[in-house]
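Encoded as structure tokens, the structure appears first; notes follow it.
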Amino acid sequence: MADTSLSPVRVRFAPSPTGRMHLGSARTALYNYLLARRTGGQFILRIEDTDRKRFVPGAEEELIDGMHWLGIQWDEGPDVGGPYGPYRQSERKEIYLEYAHRLVEMGHAYPCFCSRERLNRLRQEQQRQKRPPRYDGLCRRLDPDEAARRVAAGEPHVIRFKTPKEGTTTVHDLLRGEIVVRNETLDDYILVKSDGWALYHLAAMVDDHLMKITHVIRGSEWLPTFPLHALIIRAFGWEEPTWVHLSVFLKPSGKGKMSKRDAAQAIKDGRSIFVTDLRDLGYIPEGVLNWVVLMGWGVAEDDVLTLDEMVERFDVRHLSPSPAAINFSKLDHFNGKHIRRLSVDELATRVKPFFERAGYVVDDDVLRKITPLIQERIVTLEDAVDMAGFFFRDEVTPSPEELVPKGLDAAQALDIARRSYNVLASLPEITAEAAEPPMRALVEEMGLKARQVFGVLRVAVTGQRVSPPLFESMEVVGREKVLERVRNAMAMLEKMAS
RNA sequence: GCCCCCAUCGUCUAGCGGCCCAGGACGUGGCCCUCUCAAGGCCAAAACAGGGGUUCGAAUCCCCUUGGGGGCACCA
């Protein structure tokens with residue numbers, strides 16, 4: 001196969017604003033974006049909102065927020081415009097109608113006057129007989145002139161595609177090769193509803209043609225109607241785009257695709273499949289992108305990638321057609337990797353809102369100092385709050401039990417605290433460099449383990465058993481507060497020891 | 001029920017007829033480093049669903065079985 005990957009493509013991401021933006025959408029958008037960038041083509045955002053009944057307020061905003069946050073930029077779209085607009089299907093109703101009529105004139109479509117009641121009855125009967133539910137073609141057999149008269153008279157109707165009844169239709173998917181279906185298995189799908197709005201099957205094909213889309217990368221839920229789409233395009237005599245049908249995401253267990261309930265369960269577990277949730281949870285776009293891009297695309301080695309590196313290495317032909325189970329622990333891994341790749345300043349500015357959201361007043365100077373301390377020990381930005389929130393508190397409240405290291409008693413802990421206090425108080429300034437050597441000497445002198453002595457201090461100064469490195473932490477906290485906190489700990493230990 | 005798609009370690013995947021008694025990553029276990037927690041380094045266990053073909057040779061091509069997934073709306 002010739003390497004067509006470098007000729008510029010025009011691709012689109014065409015979500016319908018009917019719900020929240022989830023991983024599947026993010027990945028579809030990303031793959032489209034990568035192909036566009038890879039080939040120097042254009043990436044178009046098109047909103048498919050022809051079904052006003054399913055309109056969800058705020059869905060489009062969330063989608064755009066999510067895309068912006070991920071850093072997936074589009075060249076043409078409802079907000080930025082472009083030469084092939086409008087990019088919102090609700091603004092293109094007349095266009096679809098015109099093309100639908102053209103299909104009717106060409107004999108590839110016909111008006112259907114059947115009521116929903118009749119259709120429901122038909123379907124029920126077919127299901128009862130365990131036959132595939134399909135339109136029986138009653139109106140297809142109508143005389144075209146009579147049908148036109150009834151339409152002109154204002155009789156309610158839909159427009160159906162006149163699917164060939166014999167032979168087969170062969171379509172080609174880049175990842176799956178040829179797909180051949182018998183035409184008898186296809187239905188006379190509705191193209192335009194009785195309210196005059198086009199359905200996806202017509203609207204998307206018309207838009208893709210008008211917007212000069214060369215490659216359609218979409219979810220595999222479109223596979224069953226893929227032949228229909230090709231038939232529609234062929235009926236118009238248009239050139240078909242290259243089709244790429246992606247796999248679906250399965251729930252973490254690998255058993256079945258993500259359902260609403262699974263999505264809710266993930267949120268309970270502190271995870272989510274929704275991109276704005278991931279953002280609020282403290283995941284960073286680099287991590288999410290890296291995670292998502294690898295679910296359905298394999299890189300042999302060096303799989304920690306930036307968006308630019310993805311563009312460099314992306315090849316549509318190597319996408320995987322098989323379903324992929326969502327694996328959240330891998331998200332943690334990539335997020336941590338990318339957090340560690342951030343510059344200290346960058347990480348500081350990203351982590352700041354999380355401290356503020358937790359109610360802390362953030363001193364930028366302190367923030368700048370603690371960032372390198374937490375960088376390699378947080379998986380999400382939110383983790384920083386638990387790990388380093390104490391830096392922004394005036395007081396720290398260790399639990400008495402935690403003040404006593406395993407294997408020692410309160411009296412011994414008190415002894416450690418007192419002697420540590422003397423060492424630290426003797427220093428004019430508590431820096432990591434100045435404090436560590438004498439403290440190590442104390443450990444030696446007392447014949448204890450470093451972990452025991454430092455453990456008491458850690459809990460006293462940070463209020464936590466787990467913290468950033470002790471001496472660096474004390475340096476940031478500052479001499480006065482360190483001494484004060486050790487004194488407090490001593491008081492607590494005195495009570496316990498007596 | 002009918003139609004369509006998919007099938008390599010638990011998971012995501014590399015592999016596109018010989019380089020593979022199958023490579024990487026996550027996770028898991030062990031070791032090292034170590035003031036906690038991490039990070040990092042090293043090591044280990046772990047897969048070609050089954051059966052037929054084609055071929056000198058198959059994880060790679062074909063068929064069947066099994067398993068999984070998707071779809072069957074005046075939703076997208």
Side-chain angles (χ1 to χ4, degrees), chain A residues 14-19 48-51 53-54 112 114 116 119-120 123 126-127 129-134 156-160 173 175-176 179-182 184-187 189-195 197 199-201 203-204 218-227 245 247-248 250 252-257 291 294-304 317-318 320-334 336-337 340 374-379 383 387 405 436 439-440 443 449-455 457-459 462 464-471 473:
Chain A
S16 78
T18 52
E48 311 221 321
D49 56 350
T50 53
D51 187 4
K53 282 200 296 290
R54 293 211 308 156
C112 171
C114 293
R116 290 173 203 257
L119 260 20
N120 286 148
R123 189 157 40 232
Q126 287 166 331
Q127 279 167 350
Q129 292 177 214
K130 296 204 185 294
R131 286 173 46 224
R134 267 191 271 285
H157 65 281
V158 300
I159 294 177
R160 287 182 184 273
D173 175 272
L175 306 178
R176 300 154 209 267
I179 297 171
V180 182
V181 293
R182 282 173 292 123
E184 65 195 58
T185 67
L186 267 21
D187 202 357
Y189 297 88
I190 293 175
L191 263 22
V192 178
K193 296 187 274 182
S194 54
D195 63 6
W197 281 99
L199 253 20
Y200 175 91
H201 306 307
R218 58 177 1 182
S220 65
E221 65 270 24
W222 296 114
L223 237 21
T225 45
F226 178 17
H245 290 91
S247 62
V248 290
L250 270 24
S253 63
K255 300 286 175 198
K257 86 166 180 182
W291 176 50
L294 256 21
M295 303 183 75
W297 177 44
V299 184
E301 258 122 84
D302 301 327
D303 58 1
V304 179
R317 294 167 302 184
H318 282 70
S320 165
S322 46
I326 290 172
N327 179 191
F328 286 109
S329 64
K330 208 151 182 169
L331 168 61
D332 286 341
H333 170 255
F334 283 117
K337 283 278 188 189
R340 274 167 250 134
I374 59 174
Q375 185 156 26
E376 63 188 27
R377 42 201 111 227
I378 57 173
V379 165
D383 290 344
M387 172 72 66
E436 187 161 356
M439 282 303 302
R440 295 235 175 243
V443 169
K449 299 271 189 233
R451 55 178 300 138
Q452 298 174 311
V453 174
F454 297 171
L457 261 190
R458 178 190 316 284
V459 176
T462 70
Q464 303 169 180
R465 273 230 152 115
V466 172
S467 83
L470 178 62
F471 296 101
S473 295

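A note on names: the letters A, B, ... follow the listed sequences, proteins ahead of strands, and every chain is numbered from 1.
Heavy-atom distances to RNA chain B give each of A:V180 and A:K193 a nearest nucleotide, and the one nearer the 5′ end belongs to A:V180.
In this structure A:D332 satisfies the salt bridge (Lys or Arg N to Asp or Glu O under 4.0 Å) test together with A:R271, sequence neighbours excluded. By the side-chain hydrogen bond (donor to acceptor under 3.5 Å, both in side chains) test, A:D195 is found to be paired with A:R52, residues two or more places apart in sequence or in another chain being considered. A:H201 pairs by the side-chain hydrogen bond (donor to acceptor under 3.5 Å, both in side chains) definition with A:H229, not counting sequence neighbours.
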Atom pairs, N/O to N/O, protein against nucleotides 7-14 of chain B, distance under 3.5 Å?
unit_1: B:C12; atom_1: OP1; unit_2: A:A325; atom_2: N; d: 3.0
unit_1: B:C12; atom_1: O2'; unit_2: A:L294; atom_2: O; d: 2.5
unit_1: B:C12; atom_1: O2; unit_2: A:K330; atom_2: NZ; d: 3.1
unit_1: B:U13; atom_1: OP1; unit_2: A:G296; atom_2: N; d: 2.9

Report, one pair per line, the protein and nucleotides 36-39 of chain B atoms (nitrogen or oxygen only) whose separation is under 3.5 Å.
unit_1: B:U36; atom_1: O2'; unit_2: A:R465; atom_2: O; d: 3.4
unit_1: B:U36; atom_1: N1; unit_2: A:R458; atom_2: NH2; d: 3.4
unit_1: B:U36; atom_1: O2; unit_2: A:S467; atom_2: N; d: 2.7
unit_1: B:U36; atom_1: O2; unit_2: A:S467; atom_2: O; d: 3.0
unit_1: B:U36; atom_1: N3; unit_2: A:R458; atom_2: NH1; d: 3.4
unit_1: B:U36; atom_1: N3; unit_2: A:S467; atom_2: O; d: 2.6
unit_1: B:U36; atom_1: O4; unit_2: A:P469; atom_2: N; d: 3.3
unit_1: B:C37; atom_1: O2; unit_2: A:R377; atom_2: NH1; d: 3.2
unit_1: B:C37; atom_1: N3; unit_2: A:R377; atom_2: NH1; d: 2.3
unit_1: B:C37; atom_1: N4; unit_2: A:R377; atom_2: NH1; d: 3.3
unit_1: B:A38; atom_1: O2'; unit_2: A:E376; atom_2: O; d: 2.5
unit_1: B:A38; atom_1: N1; unit_2: A:E376; atom_2: OE2; d: 3.3
unit_1: B:A39; atom_1: O4'; unit_2: A:E376; atom_2: O; d: 3.1
unit_1: B:A39; atom_1: O3'; unit_2: A:R340; atom_2: NH1; d: 3.1

Protein-nucleotides 63-66 of chain B N/O pairs closer than 3.5 Å?
none

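Closest contact between the side chain of A:I190 and the listed nucleotides B:G1, B:C74, B:C26 involves B:C74. The side chain of A:K257 lies closest to B:G70, out of B:G70, B:A73, B:A76.
The distance from atom NZ of A:K255 to atom P of B:G67 is 11 Å, rounded to the nearest whole Å.
With both ends at atom C1', the span from B:A45 to B:G53 equals 35 Å, rounded to whole Å.
The base-pairing partner of B:A44, taking Watson-Crick or G-U wobble contacts with both distances under 3.5 Å, is B:U28. For B:U66, the paired base is B:A7 (Watson-Crick or G-U wobble, both distances below 3.5 Å).
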